[in-house]
Protein chains: 2
Amino acid sequence: MVQKQEYLSKNQKIVLDHVEKANQPLKAYSILFNVQKKGLKAPLQVYRALDKLVEIGKIHKIESRNTFVACKNSNCVVSNATAFSICESCEKVTEINNSKLSKYLSNFEDNSGMKYSKYNLEFFGLCKKCKNK
Amino acid sequence: MVQKQEYLSKNQKIVLDHVEKANQPLKAYSILFNVQKKGLKAPLQVYRALDKLVEIGKIHKIESRNTFVACKNSNCVVSNATAFSICESCEKVTEINNSKLSKYLSNFEDNSGMKYSKYNLEFFGLCKKCKNK
DNA sequence: TAACGCATTGTTATATTATAACATTATTAT
DNA sequence: ATAATAATGTTATAATATAACAATGCGTTA
Ligand SMILES: [Zn+2]
Ligand SMILES: [Zn+2]
Ligand SMILES: [Zn+2]
Ligand SMILES: [Zn+2]
């Protein structure tokens, strides 16, 4: 039996490293531009690395913005329960780490007969700074 | 003073009509293809209608899928509190109408000092049908 | 009625985001 | 060694969305 991957490949490391240093969500093509000096030449190389990193929870995708951000929440072993706050003015994004919220959503059930294995929640508003402008 | 728009324009009506009849999320270019017989020729005509319809809550965007679906929840006067369940196998999408959930999320506060005016939540899993395959 | 403000429309071109397809190389298990 | 799986490299193309500009329609108000 082939084991589940436990290490990161070369391209995955390069992309993760760049996204982690950014400390804010990045667009795929901005990542591409910035890692070209490291040898990644084509969009697919970035997207493939991102796909894997998202799958294993090192990176999350901000769906409403098509951006990618490093996970700040050490418990996100996989990207199956994510919540973000997004400022609609400055686009600052913060990963929400709130155990009550995650418990509530992970246990959520409705009458559809569907058992949810994953969720993504995006809150929008104005951050402190932008509110006081 | 110019009043807030209370009616739908021609293109907005055409697009909304098509999306409502579909009863499932549609992609923008599929909408475009299908309303070409009604005279809408360019992507922008569709996107502009969608933008407005989303703004007034008649249509919601499924962000993780880049699709658009008619609101099934008569209380969604504006698209500021949306929740969906998405089957990862057949892509069936249902708008969740659960007052406890919406109350919980609308009142959610964390320690970021941010007041949220809007959220979008997407649950993923397998629908009843797909679970029993 | 005329002038204004603003939403909408029409149109062409282009930007942005993401994947298809195929050949090759690397890694690990048996 | 052989096979299975994962990752890479590369070119081309698909899919999603917006820029820019000119024109029209419609309600407000002078
Ligand atoms: Zn995380
Ligand atoms: Zn802000
Ligand atoms: Zn709705
Ligand atoms: Zn299904």
Side-chain angles (χ1 to χ4, degrees), chain A residues 1-19 22 25-69 78-79 88 91 93 120 122, chain B residues 1-19 25-69 78-79 91 93:
Chain A
M1 193 193 56
V2 179
Q3 278 198 315
K4 193 185 162 188
Q5 187 192 359
E6 285 171 12
Y7 61 91
L8 295 180
S9 73
K10 177 181 132 252
N11 289 358
Q12 289 158 15
K13 269 182 213 147
I14 291 171
V15 169
L16 178 57
D17 190 53
H18 181 68
V19 175
L26 298 177
K27 303 194 163 228
Y29 275 72
S30 132
I31 296 171
L32 172 59
F33 179 81
N34 282 284
V35 298
Q36 278 181 333
K37 62 192 74 123
K38 305 255 183 186
L40 282 83
K41 294 174 188 162
L44 251 196
Q45 295 177 294
V46 169
Y47 278 109
R48 288 200 281 226
L50 286 172
D51 281 353
K52 177 59 74 174
L53 291 164
V54 166
E55 190 189 322
I56 65 178
K58 294 286 190 184
I59 282 183
H60 303 306
K61 181 173 185 182
I62 311 298
E63 294 286 358
S64 65
R65 300 299 191 259
N66 297 321
T67 54
F68 299 86
V69 69
V78 288
S79 296
E88 290 188 296
E91 295 293 323
V93 169
N120 179 55
E122 298 180 3
Chain B
M1 197 199 39
V2 179
Q3 279 198 317
K4 193 185 161 188
Q5 188 191 358
E6 283 170 15
Y7 60 92
L8 295 180
S9 73
K10 179 182 131 251
N11 289 358
Q12 290 159 15
K13 268 182 211 144
I14 292 171
V15 168
L16 178 57
D17 191 53
H18 182 68
V19 174
L26 299 176
K27 303 194 164 228
Y29 274 72
S30 134
I31 296 170
L32 173 59
F33 179 81
N34 281 285
V35 297
Q36 278 181 335
K37 61 190 72 119
K38 306 254 179 185
L40 282 82
K41 293 172 187 165
L44 250 196
Q45 294 178 295
V46 170
Y47 278 109
R48 287 200 280 224
L50 286 173
D51 280 354
K52 177 60 72 172
L53 291 164
V54 166
E55 190 189 321
I56 64 179
K58 294 285 189 184
I59 282 184
H60 302 306
K61 181 172 187 183
I62 311 298
E63 294 286 358
S64 65
R65 300 299 190 259
N66 295 322
T67 55
F68 299 87
V69 70
V78 288
S79 297
E91 293 295 323
V93 169

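Note on naming: letters A, B, ... go to the chains in the order of the sequence lines (proteins, then strands), and numbering restarts at 1 for each one.
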Can you see if the side chain of [X] gets near the phosphate of [N] - specifically, an N or O under 4.0 Å from OP1 or OP2?
X     : N      : value
B/K52 : C/dT8  : yes
A/Q45 : D/dG9  : yes
B/N66 : D/dA17 : yes
A/K13 : D/dA7  : no
B/K10 : C/dT9  : no
A/N11 : D/dG9  : yes
A/S9  : D/dT8  : yes
A/K41 : D/dT10 : yes

- Query: Hey, which of these two, A/K61 or B/L40, hits DNA chain C nearer its 5' end, going by closest nucleotide?
  - Reply: B/L40

- Message: Taking the minimum atom-to-atom distance to the side chain of A/P43, which one of C/dA18, D/dA20, D/dT10 wins?
- Response: C/dA18

- Closest to the side chain of A/A42, out of C/dT9, D/dT10, C/dA18, is D/dT10

Nucleotide [N], atom [atom2] - distance to [atom1] of [X] in whole Å:
X     : N      : atom1 : atom2 : value
A/L53 : D/dA6  : CG    : C1'   : 14 Å
A/D51 : C/dA18 : CG    : P     : 10 Å
B/R48 : C/dG10 : CZ    : P     : 9 Å
A/L44 : D/dT11 : CG    : C1'   : 10 Å
A/I14 : D/dA7  : CD1   : P     : 14 Å
A/L8  : C/dT27 : CG    : P     : 14 Å
B/Y47 : D/dA17 : OH    : P     : 4 Å

- At how many degrees, to 10°, do the end axes of the helix from C/dT1-D/dA30 to C/dT30-D/dA1 meet when each uses five pairs?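 For the helix from C/dT1-D/dA30 to C/dT30-D/dA1, the axes at opposite ends meet at about 40°.
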
- Query: With distance as the sole test, does A/E122 use its side chain to make a donor-acceptor pair with the main-chain N or O of A/S64 at under 3.5 Å?
  - Reply: yes

With [X], which residues qualify under side chain to side chain contact (heavy atoms under 4.5 Å, CB included), at least two apart?
X     : value
A/V54 : A/I59, A/F68, A/S79
A/S30 : A/L26, A/K27, A/N34
B/F33 : B/Q36
B/N66 : B/K61

- Query: Any salt bridge (charged side-chain N to carboxylate O under 4.0 Å, His left out) pairs touching residues 8-19 of chain B, not counting sequence neighbours?
  - Reply: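 Output for this query lists B/D17-B/K21.
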
- Query: For DNA chain D, what residues of residues 26-38 of chain B have any heavy atom nearer than 4.0 Å?
  - Reply: B/K27, B/Y29

- Item | Smallest separation among heavy atoms of B/P25 and B/T67, with atom names |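 The pair with the smallest heavy-atom distance is CB-OG1, 3.3 Å.
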
- With B/E63 via side chain to side chain donor-acceptor pair (under 3.5 Å) - residues at least two apart: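 Side chain to side chain donor-acceptor pair (under 3.5 Å) check on B/E63 returns nothing, list empty.
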
- Qualifying residue, where the test is side-chain contact (heavy atoms from CB on, under 4.5 Å) with A/V35 and the options are A/I14, A/V19, A/N11: A/I14

Check: residues 44-51 of chain B side-chain donor-acceptor pairs under 3.5 Å, at least two apart:
| from | atom 1 | to | atom 2 | distance (Å) |
| --- | --- | --- | --- | --- |
| B/Q45 | OE1 | B/K41 | N | 2.7 |
| B/Q45 | OE1 | B/A42 | N | 2.9 |

